[in-house]
Amino acid sequence: MKSFQARLASAALNCSAAIALLTVVPQPAGAQPGAAQADDVPVEAAPVDDAALIRAAESGDEWLTIGRDYAETRYSPLEEIGTDTVERLGLAWYYDTGSLRGLEATPLVSNGVLYASTSWSNVFAVDARTGEELWRWDAKADRKRGARACCDVVNRGLALYEGKVFVGVIDGRLAALDAATGETVWDVQTTPVDQPYTITGAPRVVDGLVVIGNGGAELGVRGFVSAYDADTGELAWRFYTVPGDPSKPFESPALAAAAKTWTGEWWKYGGGGTAWDAFAYDPEAGLLYVGTGNGSPWDRNVRSPDGGDNLYLSSILALDADTGELVWHYQTTPGDTWDYTAVQQLTLAELEIDGRERKVIMQAPKNGFFYVLDRLTGELLSADPYTKVTWASGVDLRTGRPIETPHARYGEALTTITPGPNGGHNWQPMSYNPDAGLLYIPVSENSFAYGHDPDFEFVPRAWNLGIDLASSFGVDTGAESLPESEYGPGTGESVGVASSLLAWDPVAREPRWRVLHRDETGGGTLTTAGNLVFQGTDAGRFVAYRADTGEKLWEMDLGHGIMAAPSTYLLDGRQYVSVLSGMGGAGGLYGRNPTGQYKASGRLWTFALDADADFEPVRGIEKPPLTAIRHDAAPGQVARGAELYGERCSMCHGINAVSGGTIADLRYATPETYEAFDRIVRQGAYEGLGMPAFSWFTEEDTDALRSFLLTRREALMREQPD
Ligand code: CA
């Protein structure tokens with residue numbers, strides 16, 4: 001691989017070429033004095049090249065990558081907005097994205113332009129001073145494939161490099177756009193189109209290669225990471241995260257080794273291990289870090305019936321960034337059977353541990369333990385519960401393995417385990433403030449009733465978990481539960497509240513402070529040299545806390561749910577903070593929306609000191625009136641419909657047909673929709689809207705589903721006053 005110095009030098013040589021690629025950024029009317037004039041010389045725009053990306057942490061002026069720097073700290077050195085001034089923070093401008101599904105992207109800022117992605121992988125660019133739209137790019141995603149996204153058609157963000165914007169598209173494409181015009185430069189399919197892969201994560205650019213992962217482990221795919229030439233879109237390398245069919249040659253020695261940790265005929269089920277979010281990069285070591293996902297199906301008994309660790313599921317991988325070869329790995333959850341992905345954010349730092357300066361990589365994956373590893377060797381330095389955990393009583397630092405509790409490996413009896421598939425921490429980004437020495441983690445305390453489904457059959461391109469999801473979601477199917485007293489001892493503190501903002505000290509290995517979100521859920525975080533942490537909530541509050549103590553210093557009620565992480569930048573000497581609001585994701589589909597909005601559009605909000613722009617509230621659409629629809633259900637039909645619904649419909653339309661507000665609440669469907677029910681469900685009449693065809697259902701199945709839904713509608717009508 002090229003040396004670090006050589007890469008910096010070659011990056012410097014590319015500077016002038018990159019400037020030529022950038023066209024003039026349009027200036028708003030009354031542009032600031034001193035700003036370059038449009039009809040003057042081209043803007044002396046700093047190009048986003050290797051050198052700029054490597055040095056991104058040094059200046060707070062721009063926000064060039066999703067995690068702000070290769071270390072993915074989400075820490076800005078800006079301090080104009082600080083503990084003494086934040087009370088003067090107000091709305092500078094806002095921009096309506098027009099999207100109707102969840103927004104999870106962190107905005108990027110370069111040369112006075114703010115770029116972000118929205119649902120269905122669409123992209124927009126606005127003037128970062130005013131919010132004036134410069135261009136929009138429609139990904140023209142294949143909407144038929146929308147339901148393959150386990151957790152909404154979200155997109156977590158973009159990458160910038162040498163005049164291009166890169167975006168992963170929900171249908172598996174990777175596209176390069178002209179940063180100045182939004183026109184497509186190249187567009188490649190990165191996944192097999194006949195398999196249920198999706199892309200929701202942001203690309204990263206390392207040394208001229210665009211790195212992209214994918215998702216789909218709930219539906220039966222095999223995970224991999226690809227790197228494409230940023231100029232041409234040509235595939236440079238691909239690393240599969242789990243072994244394929246052993247009768248064919250393994251793609252790498254790492255996979256031959258991994259295959260020894262699998263049993264049965266795992267490749268027929270995909271295996272999982274998808275890398276759908278976290279990457280980090282150490283340019284000096286030339287190592288690209290990748291977080292991998294859960295097993296597919298969830299239940300290990302199905303995919304690997306005689307046990308095994310199932311490498312490289314739920315792992316942190318260090319790959320040679322130039323070749324994609326595996327250098328080291330650490331598996332957080334050997335033999336995953338709980339959907340414990342390790343794709344949660346990876347953050348690099350230099351920490352003094354036991355008197356030694358260590359280059360570390362840190363992660364708070366779904367399984368509830370906070371990990372600190374030596375990022376050059378993969379040596380485990382510490383692993384401590386950052387939330388309540390009942391599947392393991394700790395991690396043995398000598399072997400690096402979790403100490404599983406009795407019954408953690410559930411059988412057919414429903415067993416409630418903490419954390420559940422939502423994880424102690426999910427995709428919502430954490431941030432690391434080196435001044436305070438703390439990480440700010442959006443923590444979730446949740447449990448789930450796991451139970452093996454003895455009737456499981458693999459259905460290609462459908463949800464394939466191997467567990468009895470209908471029983472887990474509380475549909476009465478007669479399944480037995482294991483009493484709570486039999487779970488065995490776990491570890492970690494229960495705070496008794498589902499969502500909290502946790503300030504975690506990775507050296508002391510303990511919480512420093514915590515903010516409990518009683519009836520709301522916190523989104524991603526940003527921290528700054530102004531000793532601040534910013535976080536929004538799904539109740540629509542945008543809040544600033546003191547980074548060292550957690551004291552709340554400022555908040556604004558935006559009235560619109562926030563999941564995404566904010567970013568910050570400096571233009572004309574003024575610091576701005578930007579965040580996207582827009583509910584969706586798993587919570588917006590089958591969770592609950594505290595603002596009560598139904599199908600509301602998304603918005604980008606930008607704040608600055610002494611700004612006081614007014615805003616129109618974000619409004620959702622009115623639900624249609626409920627009119628009686630006659631139906632006659634045969635005995636047992638409603639129960640059969642409830643079971644089918646729990647297994648196949650609840651993950652999009654909500655548990656027991658109560659929508660989280662992002663997509664259709666079927667209790668409110670019109671009589672015409674119920675008239676066309678069989679055509680929609682079995683024949684795909686609404687595929688263009690994202691509703692897939694359940695072609696293997698029988699007519700009896702759709703009748704049963706319809707009866708169940710109309711029963712739920714009647715229950716709602718009884719609850720509502722006339
Ligand atoms: Ca998963």
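Only a predicted model underlies this, so the values are computations on that prediction, with no experimental measurement involved. Both ligands and their constituent atoms are indexed starting at 1 by order of listing.
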Original post:
Is there any salt bridge (Lys or Arg N to Asp or Glu O under 4.0 Å) pair reaching into residues 260-275, and which pairs are they, with sequence neighbours excluded?
Top reply: Glu265-Lys268

Original post:
Any chance the rings of Trp237 and Phe239 have centres within less than 6.0 Å?
Top reply: no

**OP:** Mind checking side-chain contact (heavy atoms from CB on, under 4.5 Å) for Val242 and listing every partner two or more places apart, or none if nothing turns up?
**Re:** Arg222, Trp262, Leu313

Original post:
Applying salt bridge (Lys or Arg N to Asp or Glu O under 4.0 Å), which residue pairs with at least one partner in residues 332-341 are found, sequence neighbours left out?
Top reply: Asp339-Lys366

Original post:
What protein N/O/S atoms lie closer than 3.0 Å to the Ca ion (ligand 1)?
Top reply: Glu218 OE1, Glu218 OE2, Asn294 OD1, Asp339 OD1

**OP:** Decide if the gap between the ring center of Trp338 and the ring center of Trp298 is smaller than 6.0 angstrom.
**Re:** no

Original post:
Within a radius of less than 6.0 Å around NZ of Lys599, do more than 12 heavy atoms belonging to other residues, nucleotides or ligands occur?
Top reply: yes

